[in-house]
Amino acid sequence: MHTSDSATATHCPYCALQCGMNLRPEPGGAGVTVEERADFPVNRGALCGKGRTAPAVLSSRVRLTEPLVRTHAGRLEPATWEEALDAVAEGLARTRRSYGADAVGVFGGGGLTNEKAYALGKFARIALRTSQIDYNGRFCMSSAAAAHQRAFGLDRGLPFPLEDIPRTGCVILVGSNPADTMPPALRFFRELRENGGTLIVVDPRRTRTAEQADLHLAPRPGTDLALALGLLHLVVAGGHTDEEFIAERTTGWEEARAGAMAHWPELVERITGVPVPRLREAVAMFCAPESAMVLTARGPEQQSKGTDTVGAWINLCLATGRAGRPLSGYGCLTGQGNGQGGREHGQKADQLPGYRKLTDPAARAHVAGVWGIDPDDLPGPGRSAYELLDALGSDVKALLLMGSNPVVSAPRAAHVEERIRSLDFLAVADVVLSETAALADVVLPVTQWAEETGTTTNLEGRVLLRRRALTPPPGVRSDLEVLHGLATRLGMPKAFPTDPEEVFEELRRASAGGPADYSGITYARIEAEQGVFWPCPAAPRTGEPDAREPAPSLPTPAAPAAPAEPGPEPEPHPGTPRLFLDRFATEDGRARFVPVTHRDAAEVPDTEYPLLLTTGRVVAQYQSGAQTRRVDELNDAAPGPFVELHPRLAARIGAVDGAPLAVTSRRGRAVAPARITDTIRADTVFMPFHWPGEGRANTLTNPALDPVSRMPEFKVCAVRVEPA
């Protein structure tokens, strides 16, 4: 690999913190070394083990360096780029000719840069003319996004910067374990407590994060909705509601209040297992200071009622006036590296760039104008992620997949693997030969984070710039070059540029005036300002109103006005670090209470499957592990899957620490070593989901979907456990 002579300021390829780092070339061009970048405010130089070891995946020993095409004998063999791109274009075109445009599917990823996510959505809709596109971010934060939209009219993971967390009075952290999932963020919660604030952690496990909390609530998996409703009941009963805020800045309170009052504390204790005194203690801690926040992550979101569950936590914030005010609010800790930007610019089944709705005629007209097509030629919404994967081999015959590994990461994974194997044609673009790529007809080796320039949007809504630090191996191309090569073969050579900044300039125009407006953001501004928070519209020309605000009503002058003197250029929009301080993004500017009520998970324990399984991550691995499992240091720290269970449960079933345990659900069976600990509920077992094979946790998980977000219920299913 080839490098430049000086260090390059860039960002980590993994989680949604997008920690700043410097990459310095090693002597002799042997690679790059990660150095601290203390000036970046999100991590202030701190990095977890994954970030420090990220350059290991750049090595040609572990990554793909030439295209692979499956031969008639069934083996993947090296091929030229021309042969590989010809094969992909022909496979997609043949499927479309035989079965129609919607028989071709596209599946993206939350790790793709904004430029690549934008280009992939555009490619699906104008080069393939298919509606069948979605991405793995649907599995990450879609329930929080849907709840954001319902309550506030706009979805951004955090409506405030991370730096606000230490300055608030109390944080309720629901279903999140940043000590393992985003370690550099843990300092914000430590500083909160050092400043006199309090931290409440809601998690069925006593995680490393929960151990640092002032109060740990351990509800039964799948009961977070009842817990939030019970807390709101106690807020009302204790007279802690902010009636002035409710009257002036919200609608729908009476209906939401009635729903909460049906969940009295003793009922909530029976449902959740959280004692009533703990519920009262949580309400007292949350309501005592002037400011407070609720932050959720995958725990309450990855449920078949995830949107309502997040909505209940938002209702708690609204009822206490803890939203739309400084140092207060509801936020979602987005997980994937570009999970936020990835869902804003068109690779989601129902969205166009700028977070526009695909069903909105004005949105269709605007984006079609940027793309130079008739709005009527844009397909409508397609299937959500799991529904798309479930349709493979039947309605969807061919798939182009970029930056995802659903064989490991999707719920009911054995079924998804079977569906992928049944495809007529599969093309995968990836940096490594993942479990999914190994099933492909064509594998395209693409550049990695340190070998390309592009933007990502972190969990705060801060648009960041990754800078190319080294030259990729000769046999590797960027995803933008892949899409350009395929589009050229499909008759659209000029619509898909390969230069990321050129793509970003088009993205700016396509997003202009949309909810996620990037039109005022440039590469130069991002670099100069340590990132720019959206929405950031382009400054209006002198004398013109900002397109985001209604034009003022002016009286008609009696006589023509004299020509105005040329004025100064308008100041660029500063970006929006803090949302909703003046109004919410709804038509009337008010937040919406949404009435919700508790309901059971799609599966509850019974005599055949008497326990609950919940899944999650460990600190040394990331997502499906496709990249981190190729790093020796990370594998030494976390070599494989395990089943975490309580000592009482272990004694009852005869489990021995370290001995293999079989976990069985209605969808399959997984086997992994037992890890006996008193940090988990006795009715619950936990498995991390980073590994394939017999320890694949997602063999067990339930694809039951939330009716609004279409999020599968990863976090709770019924299982039985026995020594293998």
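Remember, it's a predicted structure, so these values are computed and weren't measured experimentally. The figures that follow rest on heavy atoms only: side chains count, while hydrogens, waters and symmetry mates do not.
In this structure, Q18 CD and C12 SG are separated by 6.5 Å, a value rounded to the nearest 0.5 Å. One finds the CH2 atom of W371 at 12.0 Å from the CG atom of D377 (value rounded to the nearest 0.5 Å). If you take OG1 on T436 and CG on L399, they are separated by 9.5 Å, rounding to the nearest 0.5 Å. In this structure, L465 CG and I521 CD1 are separated by 11.5 Å, a value rounded to the nearest 0.5 Å. Here the straight-line distance linking atom NZ of K50 with atom OH of Y622 works out to 8.5 Å at 0.5 Å rounding. Distance OG1/T488 to CG/L85: 9.0 Å, rounded to 0.5 Å.
Here the side chains of Q303 and M711 are not in contact, with every heavy-atom distance at 4.5 Å or above. Residues R125 and I373 fail the side-chain proximity criterion, which asks for heavy atoms closer than 4.5 Å. A heavy-atom distance below 4.5 Å is found between the side chains of D588 and T251. No side-chain heavy atom of N338 sits less than 4.5 Å from a side-chain heavy atom of K116. The shortest side-chain heavy-atom distance between L295 and L158 falls under the 4.5 Å cut-off. Looking only at side-chain heavy atoms (C-beta outward), W449 and V431 stay at 4.5 Å or farther from each other. At least one side-chain heavy atom of Q627 sits less than 4.5 Å from a side-chain heavy atom of Q448. Counting only heavy atoms from C-beta outward, the side chains of L480 and H484 never approach each other to under 4.5 Å.
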Legend entry - Test salt bridge (charged side-chain N to carboxylate O under 4.0 Å, His left out) applied to D155 and R343, step by step: CA-CA 10 Å; D155 160 44; R343 69 183 184 266; 2.7 Å; yes
Inset, instruction - Would you sort out whether Q623 and R617 count as a side chain to side chain contact (heavy atoms under 4.5 Å, CB included), showing the intermediate values? - result: CA-CA 7 Å; Q623 304 298 75; R617 287 170 47 186; 3.7 Å; yes
Legend entry - Full working for side chain to side chain contact (heavy atoms under 4.5 Å, CB included) between M182 and L459: CA-CA 11 Å; M182 45 182 67; L459 75 172; 4.2 Å; yes
Inset, instruction - Using the side chain to side chain contact (heavy atoms under 4.5 Å, CB included) rule, take R629 and V432 through it: C-alpha gap first, then chi angles, then the decisive distance, then the call. - result: CA-CA 11 Å; R629 285 187 276 110; V432 296; over 6 Å; no
Inset, instruction - Any chance you could lay out the side chain to side chain contact (heavy atoms under 4.5 Å, CB included) test for R356 and V367, step after step, and finish with the verdict? - result: CA-CA 9 Å; R356 287 180 159 91; V367 174; 4.1 Å; yes
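Among V396, I133, L92, the one residue that satisfies the side-chain contact (heavy atoms from CB on, under 4.5 Å) test with V104 is L92. Applying side-chain contact (heavy atoms from CB on, under 4.5 Å) to P406 and the options N698, N136, L401, L392 leaves one that passes, L401.
Using a cut-off of 4.0 Å between Lys/Arg side-chain N and Asp/Glu carboxylate O, E418 and R412 are scored as not salt-bridged. At a threshold of 4.0 Å, the pair D86-R489 counts as salt-bridged, since one of the basic side-chain nitrogens sits closer than that to a carboxylate oxygen. Looking at D224 and K715, no side-chain N of the basic residue comes within less than 4.0 Å of a carboxylate O on the acidic one, giving no salt bridge. Salt bridge absent: E435 and R696 never bring a charged side-chain N and a carboxylate O closer than 4.0 Å. Between R599 and D308 there is a salt bridge, since a side-chain N of the basic residue sits under 4.0 Å from a carboxylate O of the acidic one. Salt-bridge check for R421 with E417: passed, with a basic side-chain N closer than 4.0 Å to an acidic carboxylate O. Of the charged side-chain nitrogens involved, at least one lies within less than 4.0 Å of a carboxylate oxygen, so that D395 and R383 count as a salt-bridged pair.
Panel note: side chain S519, backbone A538; a donor-acceptor pair is recorded below 3.5 Å. Side chain of T576 to backbone of P535: a donor-acceptor contact under 3.5 angstrom is found. Between the R150 side chain and the G311 main chain, no donor and acceptor come within less than 3.5 Å of each other. With hydrogens and angles disregarded, no donor-acceptor distance shorter than 3.5 Å links the side chain of D134 to the backbone of S384. Judged by distance alone, the side chain of N702 and the main-chain N or O of P712 form no donor-acceptor pair under 3.5 Å. Counting only distance, with no hydrogens or angles, the side chain of D102 and the backbone of S131 share a donor-acceptor pair below 3.5 Å. Side-chain atoms of R364 come within 3.5 Å of backbone N or O of L358 as a donor-acceptor pair. K348 places no side-chain N or O within donor-acceptor distance of the main-chain N or O of G137, the cut-off being under 3.5 Å. The main-chain N or O of A718 is found under 3.5 Å from a side-chain atom of E603 such that the two form a donor-acceptor pair. Panel note: side chain R592, backbone A151; no donor-acceptor pair is recorded below 3.5 Å.
Classified by interplanar angle (parallel below 30°, tilted 30° to 60°, perpendicular above 60°), the ring pair W534/Y355 is tilted. A tilted orientation is assigned to the rings of F580 and F152, their planes being inclined by 30° to 60°. Classification of the H415-Y386 ring pair by plane angle, with boundaries at 30° and 60°, yields tilted.
Heavy-atom minimum distance, L700 versus S665: O-OG, 2.9 Å. Taking both residues in full, the closest heavy atoms of A228 and A312 are given as CB-CB, 3.7 Å, listed atom of the first, atom of the second, then distance. For the pair N458 and A16, the tightest heavy-atom approach, listed with the atom from each and the gap, is CB-O, 3.0 Å. Nearest heavy-atom pair, S511 versus H345, reported as atom, atom and distance to 0.1 Å: CB-CE1, 4.3 Å. Looking at every heavy atom in both residues, P221 comes nearest to V716 through O-CG2, 3.9 Å. Of all non-hydrogen atoms in L388 and V106, the two that sit nearest each other are CD2-O, 3.6 Å.
Side chain to side chain, T498 and E481 fail the donor-acceptor criterion of an N or O pair below 3.5 Å. Remark: the Y518 side chain and the T455 side chain contain no N/O donor-acceptor pair separated by less than 3.5 Å. Between the side chains of T457 and N114, at least one donor N or O lies within less than 3.5 Å of an accepting N or O. A donor atom on one side chain and an acceptor atom on the other are found under 3.5 Å apart for T447 and E452.
By the 6.0 Å and 45° rule, K397 stacks over the aromatic ring of Y99.
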Only pairs under 3.5 Å count here: list side-chain donor-acceptor contacts from residues 139-146, not counting sequence neighbours, and write none if there are none.
from : atom 1 : to   : atom 2 : distance (Å)
S142 : OG     : R138 : O      : 2.8
S143 : OG     : E301 : O      : 3.0
S143 : OG     : S709 : OG     : 2.9

